[in-house]
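Notes for the one structure printed next.
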Amino acid sequence: MFIDDLFSKSWDTENLSSQELLFLLSHPPDSIESLKTIAEAGAISRKRVSGKAEVHGQLALDLAPCACDCKFCSFARVNNIFKDESRISPEESVFYARQHEKNGANAVYVMTTAQYPFGQFIEVSQEIRKNLNPETLMVANVGDQSLERARRIKDAGYSGVYHARRMREGTDTLIPPEKRLESIRNFQEAGLKVGTCVEPVGPEHTDEEIVQAILFAASVNPAFSGAARRIEIPGTEIASRGMISELRMAQIVAVTILGTPASVKGFCTHEPCTLGTLAGANLFWAETGSNPRDIEEKTEQGRGLGVHECKAVYRECEWDILQGPSAYLS
Ligand code: SF4
């Protein structure tokens with residue numbers, strides 16, 4: 001297999017096969033082959049979005065020990081990091097959402113743990129919606145939902161949702177993998193765009209598992225796809241498995257771009273970094289409030305970056321930033 005032939009196929013908007021994606025992932029992250037993959041995918045991504053990247057701003061409505069027990073999440077009950085539940089008020093929610101809007105986020109995400117009461121989520125969302133500019137797009141980042149609830153999310157003023165079938169879903173989480181796909185279908189049937197990601201990738205995941213996840217994400221007709229590494233949360237059992245490097249994550253972002261149909265323009269990575277965006281990541285998230293990768297209650301005082309900081313990372317890689325509503329969710 002010649003690597004340049006694979007790049008030519010990608011430029012010709014042909015889908016690469018799982019064997020070809022495996023081949024690209026099999027090279028060491030610091031090899032010439034991997035660096036070429038990063039360069040090609042980066043160039044393809046820039047062309048797809050005319051060099052304009054996006055920053056979406058997320059706010060979290062609650063912080064609570066969560067019974068879904070995803071081992072990589074600081075909210076998981078099993079990790080015993082956050083013992084008490086706390087929720088922000090509707091006024092605070094509006095404040096954070098408007099702050100993201102004012103800072104130029106291309107979409108505003110509202111996140112809850114799976115424990116947050118659905119009715120309250122809808123009420124707070126309506127309050128946020130009322131206080132944002134009508135053209136500002138809202139995205140929900142919530143647990144699995146039925147079709148009826150997906151419709152209520154749409155009616156509350158959301159354009160899309162973020163939803164992923166995570167790496168080793170059902171093994172490293174208590175959520176059946178089929179449930180994730182069912183929810184994605186429900187969201188789409190309700191008229192919501194679904195953004196997704198290959199996440200959270202750790203060193204134990206094989207190239208085969210990663211390719212499977214890339215192709216699964218590509219198969220759901222996503223508004224955007226991408227790849228993100230697992231962040232080590234000190235004191236958790238899963239932390240002993242370690243973390244992949246930013247360069248390996250960049251390689252996976254690049255292969256994700258080459259493994260996703262050309263109709264998809266958006267590619268996320270998290271956490272924001274220059275290597276990820278060099279590989280073609282054109283969507284970063286700014287965060288406020290709680291964060292499943294942080295042990296600080298307010299991630300803006302911890303790992304979370306603000307909209308301006310995300311823009312600064314893009315500038316280091318010579319990206320422009322889209323002004324106005326997200327092109328991936330419109
Ligand atoms: S990732 Fe979501 S569902 Fe899983 S434990 Fe964390 S809050 Fe709960």
Side-chain angles (χ1 to χ4, degrees), residues 56 58-88 93 96 109-118 120-122 124-125 139-146 149-150 153 158 160-184 186-187 192 194-202 204-205 213 216-217 226-239 241 243 268-271 285 287-299 302-304:
H56 297 183
Q58 173 162 279
L59 63 114
L61 296 188
D62 71 328
L63 172 63
C66 179
C68 294
D69 271 348
C70 308
K71 290 181 185 168
F72 41 78
C73 172
S74 59
F75 306 143
R77 211 171 36 187
V78 70
N79 287 334
N80 208 22
I81 292 170
F82 296 114
K83 297 174 184 65
D84 302 311
E85 180 176 14
S86 64
R87 296 178 190 161
I88 63 170
S93 312
Y96 284 127
Y109 287 45
V110 181
M111 186 192 83
T112 70
T113 67
Q115 320 298 302
Y116 196 85
F118 185 76
Q120 195 172 345
F121 167 71
I122 295 294
V124 176
S125 298
V139 178
N141 184 359
V142 293
D144 289 295
Q145 305 296 340
S146 64
R149 283 186 169 195
I153 293 173
Y158 285 94
V161 296
Y162 174 80
H163 215 68
R165 189 172 80 183
R166 284 80 52 89
M167 302 301 293
R168 299 195 184 168
E169 191 80 73
T171 303
D172 284 338
T173 74
L174 295 183
I175 303 174
E178 352 24 289
K179 193 92 197 138
R180 306 299 282 178
L181 178 59
E182 194 184 305
S183 296
I184 288 172
N186 289 339
F187 292 133
L192 293 157
V194 175
T196 194
C197 184
V198 173
E199 57 114 336
V201 184
E204 74 277 21
H205 299 125
F216 171 78
R229 64 177 175 169
R230 185 177 64 232
I231 298 296
E232 203 173 292
I233 300 171
T236 59
E237 178 268 322
I238 207 167
R241 297 187 203 167
M243 232 165 101
C268 58
T269 199
H270 206 55
E271 295 167 330
W285 287 290
E287 296 170 290
T288 49
S290 65
N291 164 356
R293 284 162 290 91
D294 207 338
I295 52 173
E296 292 288 338
E297 292 192 9
K298 288 183 182 297
T299 195
R303 303 194 69 91

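Sequential numbering from 1 along the given sequence is applied to the chain's residues. Counting convention: from 1, in listed order, for ligands and their atoms alike.
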Backbone N/O of Ile295 and side chain of Ser74: donor-acceptor pair under 3.5 Å: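 Pair absent, no side-chain N/O of Ser74 close to backbone of Ile295.
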Check: Thr196 side chain, His163 main-chain N or O, donor-acceptor pair, under 3.5 Å: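 Indeed, once roles are kept as given, a pair shorter than 3.5 Å links the two residues.
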Contact atoms of ligand 1, heavy-atom distance to Phe75 under 4.0 Å: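 Going through ligand 1 atom by atom, the ones under 4.0 Å from Phe75 are 7 (S).
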Ligand-side contact atoms (ligand 1) for residue partner Arg166, heavy atom cut-off under 4.0 Å: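 Listed by number with element: 1 (S).
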Contact check: Cys70 to atom 4 (Fe) of ligand 1, N/O/S below 2.8 Å: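 Yes, since at least one N, O or S atom of Cys70 sits under 2.8 Å from atom 4 (Fe) of ligand 1.
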Heavy atoms of other groups near Glu297 CD, more than 12 under 6.0 Å: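 Result for CD/Glu297: open.
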Minimum-distance protein heavy atom relative to atom 3 (S) of ligand 1: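 Looking only at protein heavy atoms, the one closest to atom 3 (S) of ligand 1 is Cys68 CB, 3.5 Å.
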Protein contact for atom 7 (S) of ligand 1 (heavy atom, distance under 4.0 Å):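 True for atom 7 (S) of ligand 1.
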Contact check: Cys66 to atom 6 (Fe) of ligand 1, N/O/S below 2.8 Å: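 Checking atom 6 (Fe) of ligand 1 against Cys66, no N, O or S atom falls under 2.8 Å.
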Close aromatic pair by centroid cut-off 6.0 Å: Tyr158 and Phe121: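 Yes, ring centres under 6.0 Å apart.
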Residue pair Thr236 / Asn79, side-chain donor-acceptor N/O under 3.5 Å: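 No, because no side-chain N or O of Thr236 sits under 3.5 Å from a partner of the opposite role on Asn79.
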